[in-house]
Amino acid sequence: MSAVADRPRTNSSGWLRHLGLTVVSSAGAVAVALLLGALVILASGQDPVTAYRALLSGAFGDRRSIAETLVAAAPYVLGGLAFAVAFRAGLFNIGIEGQIVIGGLAAGLIGAADLGLPPVLFLPLALLVAALAGGLWGAIPGVLKSLSGAHEVITTIMLNYLAFRLLTYVLTKTESWLPVNPQLQATEPVQPAARLPILLERTRLHAGVIVAVLAALALWFLLYRTTWGYRLRTVGYSRGAAAFAGFSWGRVVTGAMFVSGVLGGLAGAGETLGLHGRQISAPQGYGFTAIAVGLVGRNHPIGVVLSGFLFGVLRSGATKMQNTAGTSKELVLVLQGVIILSVAAFASAGRLRAWWARRAQARQAPLGEATTIGVEPGSTPPV
Amino acid sequence: MGDFFTVELLTAVLRTATPLLFAALGGLLSERSGVMNIALEGFMLLGAFTAVAGTYYLHDPFLGLLCGALAAAAGAAIHAVWCISLRADQIVAGIALNLLGAGIPIFLMQRLWEQAGRTPSVEKLPMIASGVSILVPVAFLLVPVVWYLLERTKPGLRIQAAGEHPQAAESVGIRVSGYRYACVIASGVLAGIGGAFLSIGDLSLFTRDMTQGRGFIALAAVIFGNWNPLGTLAATLLFAGAQAFQVQAQAAGVGISADLLLALPYLLTLIAITGLVRHSRPPAGLGRHPTVD
């Protein structure tokens, strides 16, 4: 999993250079994608400048569009954080979509229940239940991995689809004791006391944005200022280090996946309690974009906030781009794919350079001198 | 329940299994050569869409099928360049290709026909019997072919060597990268044909996200089938059986939860991968490169 992971800092002046390189390669990847996107627009007989201008004005044009951009960014930031925390522990979590579904469903079910609580209790309760539900769902791949070594990529893909099935099962079951509306395939509306409050009048900007920013700060603190975070990052760099240092690898991995699930669950809760006011049956696909968000943000909480915002811009601007410039908003999906590919290529470039240098060196070495053969460091564990 | 297990159900199982089988055999080849492939879903979508576009413009479903296979092969070639030559993370590359596979068809669909939901109807591939496309027997015939290729031919054994121990394979002169390129591109061709079966074999048009996760079920079938062609066939039939049974059960009003039956492939794969039932053994060199990097 070393593709986009960064190396440990070696000295104090190194980190600034490292930060510079990180920012440059992420920005470069996005720039490459936008350029390729421009070529695609050009090839389809349209004007890229008009299209991109429409996209920008759709994202920032007025008060309402800025609010929409932030609304779109909130689940991306939370999902990106969910990806990042697992990645820091050396895990590749593709299950964020499922965690979002489970968290949103839990939030919708508890939020629609007539508990008669005041907002000051009800909203935190709903968020807590969603976070716990997402966390427990997210912890499953961690438990399976630590017990049997089952690859988390496969288990999280399977858990995504299980979450979708569970969602439709709960939402379409007639004569259910749960507050659902099978005709609408949704939960009943969330009680006003459990709704995330609107921050800006006459817009859809809800307090889920604040939840996202707070979560990023909390995750930064957890990762870089606590023993838990130190252990998590240690495990991410080297699995064997945990055994050597005398702490349980399995517990760290499960804990990382639990926190990842909590963040994914909060992303779902934000959509249910903030945006839609009920859990709807169709998964929105944010969980897959979240992977791109995490990668572009270099799996650092602050970077994820920035890249989540960028992806929010792309999504909220895309509709206007389609309406005024006639460029399909699915271009954004294509852009996301290209961004991920160029992030991966940028990450490979450094390693490939080092590899070529070593190879050249080995060729110059006198005949018969041994070269290292063995399992490469940081290689991906087998599926 | 007497008239339940009929020819109809059997046909439904075969039809449901066909796209899964194409994609799963592709995924099997790629993974046995040592390249992880979670992009089958994207390849299927590329194949399904391009097959319709090709049939629409060339007025021949067989040429359309060829276009679909080639488009998915092109997508797979990108996966191969990233995974093999650039040594990028194979999961990252796979995710990117799934996004491209989902986005490109809708983007082009809007450009070509100015509608984002579905394409116009085109001519279908011929049927060999009522409701059974010509691609159905092809998919099942491919199972022994892939088995024979992998187990009984020289290239097949080299593919296995590349997948089990790339460094050892390289050291005895096997061109690991070459075999991996071939297998990954073959996985694109096969998944593309699987997608084309959906769009011009079973239906006669492309709708957005028409594969609905079949690429991932195919991946599940490879794992549940323990990376073995015959096991993969059995897994595919099991998963397709559950799905076809669910459709018939719904139609007949049998009180069994559709969601439970549809969840079966994922649940079984989850159980299989954790080794609770039996030992799951992926190719040892999966995701590893032939030289130290």
Side-chain angles (χ1 to χ4, degrees), chain A residues 1-4 40 44-45 92 94 144 147-151 153-155 157-162 165-166 168-169 172 288-289 291-292 295 328 330-341 343-345 347-349 351-352 354-355 359 371-377 379-383, chain B residues 31 36 38 42 78 82 85-111 116 167 171 208 213 216-217 219-220 223 257-260 262-263 265-267 269-270 273-276 280 282-289 291-293:
Chain A
M1 293 293 155
S2 62
V4 256
V40 169
S44 67
F92 215 109
I94 321 198
L144 294 179
L147 287 183
S148 70
H151 198 296
V153 167
I154 305 303
T155 51
I157 288 174
M158 299 308 141
L159 282 165
N160 276 343
Y161 283 96
L162 286 174
R165 297 264 68 104
L166 185 66
T168 46
Y169 175 74
T172 56
F288 299 107
T289 305
I291 297 165
L295 292 174
S328 165
E330 313 301 336
L331 179 72
V332 172
L333 268 183
V334 179
L335 285 181
Q336 283 175 14
V338 178
I339 288 176
I340 298 181
L341 280 181
V343 168
S348 313
R351 282 181 309 127
L352 278 180
W355 181 66
R359 208 170 115 136
T371 46
T372 343
I373 290 194
V375 174
E376 58 183 299
S379 67
T380 332
V383 173
Chain B
E31 300 234 330
M36 280 190 264
I38 63 163
I78 298 179
W82 253 255
S85 296
L86 292 179
R87 302 182 171 213
D89 193 291
Q90 304 183 349
I91 305 293
V92 173
I95 290 167
L97 279 152
N98 278 334
L99 285 169
L100 289 177
I104 289 173
I106 308 173
F107 181 80
L108 289 178
M109 188 153 68
Q110 212 149 41
R111 207 54 217 135
Q167 287 147 22
S171 75
R208 64 184 294 162
F216 291 113
I217 300 191
L219 180 67
I223 297 160
S257 163
D259 290 297
L260 184 69
L262 290 176
Y266 312 112
L267 211 53
T269 305
L270 208 55
I273 189 88
T274 49
L276 292 178
S280 172
L286 201 54
R288 299 231 156 94
H289 296 295
T291 41
V292 183
D293 83 345

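Per chain, numbering begins at 1; letters A, B, ... match sequence-line order.
In this structure, the separation between CE on B/Met36 and CZ on A/Phe92 is 9.5 Å, given to the nearest 0.5 Å. In this structure, CE on A/Met158 lies 8.0 Å from CG on B/Leu270, to the nearest 0.5 angstrom.
The closest side-chain heavy-atom distance from A/Glu330 to B/Arg208 is below 4.5 Å. Counting heavy atoms from C-beta on, the side chains of A/Ile340 and B/Val92 come closer than 4.5 Å. At a threshold of 4.5 Å between non-hydrogen side-chain atoms, the residues B/Phe216 and A/Asn160 do not count as touching.
For a residue to count as touching a neighbouring chain, one of its non-hydrogen atoms must lie under 4.5 Å from one of that chain's; by this rule A/Leu341 touches chain B with backbone and side chain alike. The contact between B/Ile78 and chain A is made entirely by side chain atoms (from C-beta outward), counting heavy-atom distances below 4.5 Å. If you measure heavy-atom distances from A/Thr172 to chain B, the contacts under 4.5 Å come from the side chain alone. For A/Ile94, the part lying near chain B is the side chain, with the backbone staying farther off; criterion is any non-hydrogen pair under 4.5 Å. Proximity to chain A (any heavy atom under 4.5 Å) is shown, for B/Leu108, by neither the backbone nor the side chain. With a 4.5 angstrom heavy-atom cutoff, A/Val332 does not touch chain B via any of its atoms. Both the backbone and the side chain of A/Leu331 come within less than 4.5 Å of a heavy atom of chain B. Only the side chain of B/Ile38 comes within contact range of chain A, judged by heavy atoms closer than 4.5 Å.
Side-chain N or O atoms of B/Arg111 include one that pairs as donor or acceptor with a backbone N or O of A/Ser44 at under 3.5 Å. Side-chain atoms of B/Thr274 do not come within 3.5 Å of backbone N or O of A/Leu144 as any donor-acceptor pair.
Contact tally against chain B (heavy-atom pairs below 4.5 Å) for A/Ala150, A/Ser328, A/Ala292: the top residue is A/Ser328. Of the listed residues (A/Thr155, A/Val338, A/Leu162), the one with the most heavy-atom contacts under 4.5 Å to chain B is A/Leu162.
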**Request:** Applying side-chain contact (heavy atoms from CB on, under 4.5 Å), run through A/Ile157 and B/Leu219 and close with a yes or a no.
**Result:** CA-CA 10 Å; A/Ile157 288 174; B/Leu219 180 67; 4.1 Å; yes
**Asked** How far apart are the C-alpha atoms of B/Leu99 and A/Val334, what are their side-chain angles, what is the distance that settles it, and do they pass the side-chain contact (heavy atoms from CB on, under 4.5 Å) test?
**Response** CA-CA 6 Å; B/Leu99 285 169; A/Val334 179; over 6 Å; no
**Asked** When you look at B/Phe107 and A/Val40, which way does the side-chain contact (heavy atoms from CB on, under 4.5 Å) test go after all the steps?
**Response** CA-CA 10 Å; B/Phe107 181 80; A/Val40 169; 3.4 Å; yes
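Classification of the B/Tyr266-A/Tyr161 ring pair by plane angle, with boundaries at 30° and 60°, yields parallel.
Between B/Ala88 and A/Ala344, the shortest heavy-atom distance links the atoms CB-CB, 3.8 Å.
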